[in-house]
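Whatever order the structure lists ligands and atoms in, that order sets their numbers, starting from 1. Note that this is a predicted model, so its numbers are computed, not measured.
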Amino acid sequence: MNTTVIRNAIGRESDDLTSWTRTTCAYCGVGCGILAQPQQDGSVTIKGDPEHPANFGRLCSKGSALGETVGLSERLLAPQVNGQTVNWDGALDLVAEKFSKTIAEHGPDSVAFYVSGQLLTEDYYVANKLMKGYIGSANIDTNSRLCMASSVAGHKRAFGTDTVPGTYEDIEAADLVVLVGSNLAWCHPVLHQRLLAARQTRGTKIIVIDPRRTASVESADLHLPLAIGSDVALFNHLLSEIDARGMLNQDFLPHVEGLEAALEAARADTLAPTGLDDDLIRQFCDMWIGTERVVTIYSQGVNQSSAGADKVNAILNCHLATGRIGLPGSGPFSVTGQPNAMGGREVGGLANMLACHLDIENADHRDAVQAHWAAPTMAQHQGLKAVDMFEAVYQGKIKALWIIHTNPAVSMPDADRVREAIKRCDFTVVSDITAQTDTARLADVVLPATGWGEKSGTVTNSDRTISRQRAFLPVPGQARPDWVILADVACRMGWKDGFNYSTEAEIFREYAALSGIAKDFGRDFDISGLKTLSDAQYDGIAPLRWPHPQTNPPQTSNGRFFADGQFYHINGKAKMLPLRHRAPAAKQARKYPYYLNTGRLRDQWHTMTRTGLSPRLSSHLAEPFVDIHPQDAKELGIQAADLVRLRSPQGQSILRARITCDVRPGDMFTPIHWTGETAPSACVDTLVAPVVDPVSGQPESKASVVAAQRFEAQWYGFAISCNAVHPQADYWARARTQRGWRLELASSQSPQDWEAEARRLFDLPDACVQRLEDKGRGSARIALYDNGVLLAALFVAREPVAVMRDYLATLPGDQAQDTVLSGRAPQDRPDPGPILCSCFSVGVNTILNAVETQGLMTVEAIGEALQAGTNCGSCRPEIGDLLAKIQLKDAAE
Ligand code: SF4
């Protein structure tokens, strides 16, 4: 199945929408509605659904490129056991037999499932039911543990249940939006676009609280670059100021308990840990306290911390103290990472919860769920959370492990130990769309699951909107839906009565009915109004925000919770918590003097198993990197484009240096996406300590301590190739291009013969060669051809290679040109430079040229001249930032 480059066509054409399938984006928690239409040539056209309440037709760069990621080139199409293709019966019998035998010999807690926010709710429901109700263990946890478990814990402590109070409309109705630990512009781009559109019409002010100067800062009125991990100190100060300025909401406080203790703790904290100027803090307090309609959005920068739950509660304390919750344009707002992270929270995908926000520690709740499931043996206590789960695997306590749609060998903290744990495990099953992941390569059994485009079910986004994901592509090979695979294994383990489902609608009805029981226990999550949907109604259901009860109207205000002051603790009150600043668990010291922060890029998703298939997305930032402040770089003797070896107590990585004031002195930042498949020495979770928040179990992924030193390479290389290659080098990173691949290389060992090295690297022993070599300077340029067509080229030097990469990347497959070995673009084919606008492939050089020759100095003018930023809009903050830097430079000269 081929895909073509597809543009988001909203607003550019009128279509008959009946031929389009309405579905939901596969990536972030915004949960954008998508219209998908397979074409005769096998490509898929994608556009935003104008009727979906999350995006109203908008899409970001990742969503727009979904059509480029549905090809079959890397798909797993049949079950494999020990690398050999087998039939489904053989694979499923083996899985059922191994799990049954392990449970019989070692008990239910000797097995575990590690699942994913990529699962649909129906898949999650079946996995959870199998583990907690039939196997009788709660050893099922999800990679959402790494993403927002601290928000869940914070919500439960404050509200009595895991409720997101507000809606996306609140972001548009607010007068002030505060982004805490959230690079909304890159990680939730469509929400950011909604925020910017609201700012245009109502003048919304924006504050960004983040140690880094991210793309979100470009459109902010105020940026507080606080020290890593100091959010509690900052929000404690805000709480003290709310009180000191007489701004406690006396009408709302009867609905809240714990105020005095929270205030006492807040007053006892100091601002010193934040490292912020007094003036910045005063401005922040003035704006927050002085604005009635304030929404505080928080994300991984808050959650991924050993004090993550406290950070969440520090924010919630301020909203509760002022009664700014559940009102239009007012409230705290946790935005989730994955497309169904929220669905996983609702359906019991976490090891410490039951389905429908019921508590595993509550015997009445357990009994009710057991009765609903007609389950033989119910888990009696919480299971192991992700980090503890893999440690139990390492120690041999968990002997059979099923990993579904996630890649823990590279995405878990202390990834090398996790990789070793999976290797040691007696029996590991992986269900995924591809076997080409670091984790799948370690599994005994790999099962081909259906992927986005082939799956049918539901997902829930960050503002509690449940949407249908609908299949629009035929199922390839022998792939099967996850719920079918799980239910089949359950049946083979002897539990046919509990798992005899024939459609995902049947699963959804059972789930919706369970939520009605949860409602009777006073829980918030109630979709019992959907328990009698017919299959056809289920198929056609439009996006809806829960609660959706069977009888009474929802007890919410226009979809919001808590405006009435009714919470879910037994006394009906919310709780404010006494909190004190706690520094990150790992302390900077002489051996490890820097804090390493990790995060996401605009155009990549998790471990790139899908976004890495798109050349357009890969052209934005084609290589892993570490951001280093100029002061630190100077002390370390590191120049821009050098390679840097980072060492932590857990492991080491090699990354390209970017010298930038976007990070604070003493901090470094690196993206999370590269793996053993794309850049083996740049798997950054190798560096991250397996330290977790004691309440939420969420790992501290943004405050690892590292040492840094220049990597002394004997040679550096850049290569282009029609075919994928797997180099043998200390450092390499590869990215897909429209014409094949581009690679960065470096090593501490120099080969004797560069032509032989190039032939070996590209596996082209007989290709015609063109070469240019300067042995004295240690540089070589080798181009390999077949019948005059360029197949590959390698450029090496003793220093980082200075060639026009983005131009060269367009050459594989072209007829031979004299310019290849020069590494420079000819006059008539200028090098676009690193791509900023992936929709229209507009590079930095093209924009700089437009600035210089046409004097274009606004994002709008650039858009008009070059189209950049005029489709999905995800690149507009970066274009704005680039223009601002040019203006600053001009002013300084
Ligand atoms: Fe998908 Fe982008 Fe929307 Fe997130 S913001 S759901 S990645 S289109």
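Two rings, from His405 and Trp452, have their centers 6.0 Å or more apart.
His188 lies apart from atom 3 (Fe) of ligand 1 in this respect, since none of its N, O or S atoms is found at a distance under 2.8 Å. With a cut-off of 2.8 Å, atom 2 (Fe) of ligand 1 has an N, O or S atom of Cys60 in range.
Counting atoms of ligand 1 from 1 in the listed order, those under 4.0 Å from a heavy atom of Gly31 are 6 (S). The ligand atoms of ligand 1 that sit less than 4.0 angstrom from a heavy atom of Cys28 are 4 (Fe), 5 (S), 6 (S), 7 (S). Taking every non-hydrogen atom of Val190 and a distance limit under 4.0 Å, the qualifying atoms of ligand 1 come out as 3 (Fe), 5 (S). Each of the atoms 8 (S) of ligand 1 lies under 4.0 Å from some heavy atom of Leu59. In the vicinity of Tyr27, heavy-atom distances shorter than 4.0 Å reach the ligand 1 atoms 7 (S).
Of the residues Tyr124, Tyr538, Tyr125, the one that meets the ring pair (Phe, Tyr, Trp, His ring centres under 6.0 Å) test with Phe508 is Tyr538.
Judged purely by atom type and a 3.5 angstrom limit, Asp49 has no side-chain atom pairing as donor or acceptor with the backbone of Gly57. Remark: the backbone N or O of Pro615 is not paired with any side-chain donor or acceptor of Ser618 at under 3.5 angstrom. Looking only at distances, no side-chain donor or acceptor of Arg194 sits under 3.5 Å from a matching main-chain atom of Glu172.
In this structure, the protein non-hydrogen atom closest to atom 3 (Fe) of ligand 1 is Cys32 SG, 2.3 Å.
Salt-bridge formation is detected for the pair Arg658/Asp627: a Lys NZ or Arg NE/NH1/NH2 atom is positioned less than 4.0 Å from an Asp or Glu carboxylate oxygen.
Within the 4.0 Å heavy-atom criterion, the part of Cys25 lying near ligand 1 is the side chain and not the backbone.
Residues Thr611 and Gln604 have side chains that bring a donor and an acceptor to within less than 3.5 angstrom of each other.
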